[in-house]
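In each ligand, atom 1 is the first atom listed, and ligand 1 is the first ligand listed.
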Amino acid sequence: MLRIGMLTSGGDCQALNATMRGVVKTVINNATESVEILGFTNGYQGLIWGNYKKLGWKSLSGILTRGGTILGTSRTPFKELDVPLEDGTNKVERMKATYKDLELDCLVVLGGNGSTKTANRLAQEGLNVIALPKTIDNDTWGTDLTFGFHSALEIATKCIDDIHTTASSHGRVFVVEIMGHKVGWIPLYAGVAGGADVILLPEIPYDLEKVCEAVNRRTEGKSGFAIVVVAEGAISQEDAALSKKEYKAKVEARTTPSVAYELAKDIERETGAEVRVAIPGHTQRGGAPCPYDRVFATQVGVEAGKAILAGEYGFMVADRGRQIVRVPLQDVAGKLKTVSPNSQLVQEAKALGISFGD
Ligand code: F6P
């Protein structure tokens, strides 16, 4: 009997179900012994408290195209792993106990950075773990791609496309806020794909004067409108020079709901233009996975399934140069893949005349 535990952890995204389907179908189709799949509910919380449901053909049928996660998800921050639970027990010890009590052969974790760090901790504690790279943010180190990214990118790009028509009709400036607190992969790609005039990323602190210059250049030109794409975590050069504590206090003192509104206020004040804000928000994480994500998620799932059948663990499945590979968990854990200001796409965007406000 082969007994596999599986969980989805952290913020959800498209193609989580497609990935699980890939793992389970591969194992069930090719195993020479009987297989039991236990899906822990609500991320690591299910593993901590021993809450799970059995996954078979029936539960996996029809989920290739379904968004969200059939298991539910939650955040269990890595830095709080050793903070005791209310009953005084340790979360890691509880997870190990559940794994042992249920006589699992391995645990498959579909998660982003924090979840993969926890997966590595569990591997170090002796569990057989495989991590699969989930997140719309595409910020997982060690893989060119994470599943969810392309689906979110399509939604973010459609939002910018749709804003274009109304912006041009009214000759307005639009600030479109795209997800990405620490990294700007979605705003960068969506900004280029949607033909933005300005793209502001957390990795490239901006100078408001330069942003306004770019907006003026565009609004004073033939088109008379401008699209500014701003990442949730975009930061001005002035704010980037503050200490973490000072910046936190400044953000908390804001009277606007988010960076897009703050920036809109600044641009309106400095340029006199009529500025509007558009925020697709969590729609970027919602709905069905795009075809590219369905295929990639399936490939990732099949690779995990093959490894389970061979009894090979301790890695994250990754995409490197369009090849599906395995990267040791300890090489990945705790590292963030950010956009380099010198990257090819940033340079190409600049060559096109897109301003990054730097
Ligand atoms: O999953 C990553 C992410 O989508 C970020 O881009 C975003 O800032 C964050 O999650 C918001 O998630 P939540 O509202 O679930 O905390």
(Q) So does S115 get a backbone contact from the side chain of S9, meaning a donor-acceptor N/O pair under 3.5 Å? (A) no
(Q) Among residues at least two apart in sequence or on other chains, which ones pass ring-ring contact (aromatic ring centres under 6.0 Å, His included) with F78? (A) none
Q) Going by the order shown, which atoms of ligand 1 are within less than 4.0 Å of some heavy atom of H181? A) 8 (O)
Q. Counting only heavy atoms, which portion of Q284 has something under 4.0 Å from ligand 1: side chain, backbone, both, or neither?
A. neither
Q.
One residue to check: I186. Relative to ligand 1, which of side chain, backbone, both or neither has a non-hydrogen atom less than 4.0 Å away?
A. neither
Q) With atoms numbered from 1 as shown, which atoms in ligand 1 lie under 4.0 angstrom from a non-hydrogen atom of I136? A) 4 (O)
Q | Sub-3.5 Å N/O-N/O distance, R75 and ligand 1 | A | yes
Q: Begin from the C-alpha positions of R218 and D197 and carry the test salt bridge (charged side-chain N to carboxylate O under 4.0 Å, His left out) through to its verdict.
A: CA-CA 8 Å; R218 184 76 172 142; D197 304 299; 2.7 Å; yes
Q.
Check whether W57 forms a cation-pi arrangement with K25 (NZ or CZ under 6.0 Å from the six-membered ring centre, at most 45° off the ring normal).
A. no
Q. In the protein, what heavy atom is nearest to atom 6 (O) of ligand 1, and what distance, to one decimal place, separates them?
A. D137 OD1, 2.8 Å
**Q.** Interfacing atoms of ligand 1 (cut-off 4.0 Å, heavy-atom, R285)
**A.** 1 (O), 3 (C), 4 (O), 9 (C), 10 (O), 11 (C), 12 (O), 13 (P), 15 (O)
Q. Excluding sequence neighbours, so at least two apart, what forms side chain to side chain donor-acceptor pair (under 3.5 Å) with R254?
A. none
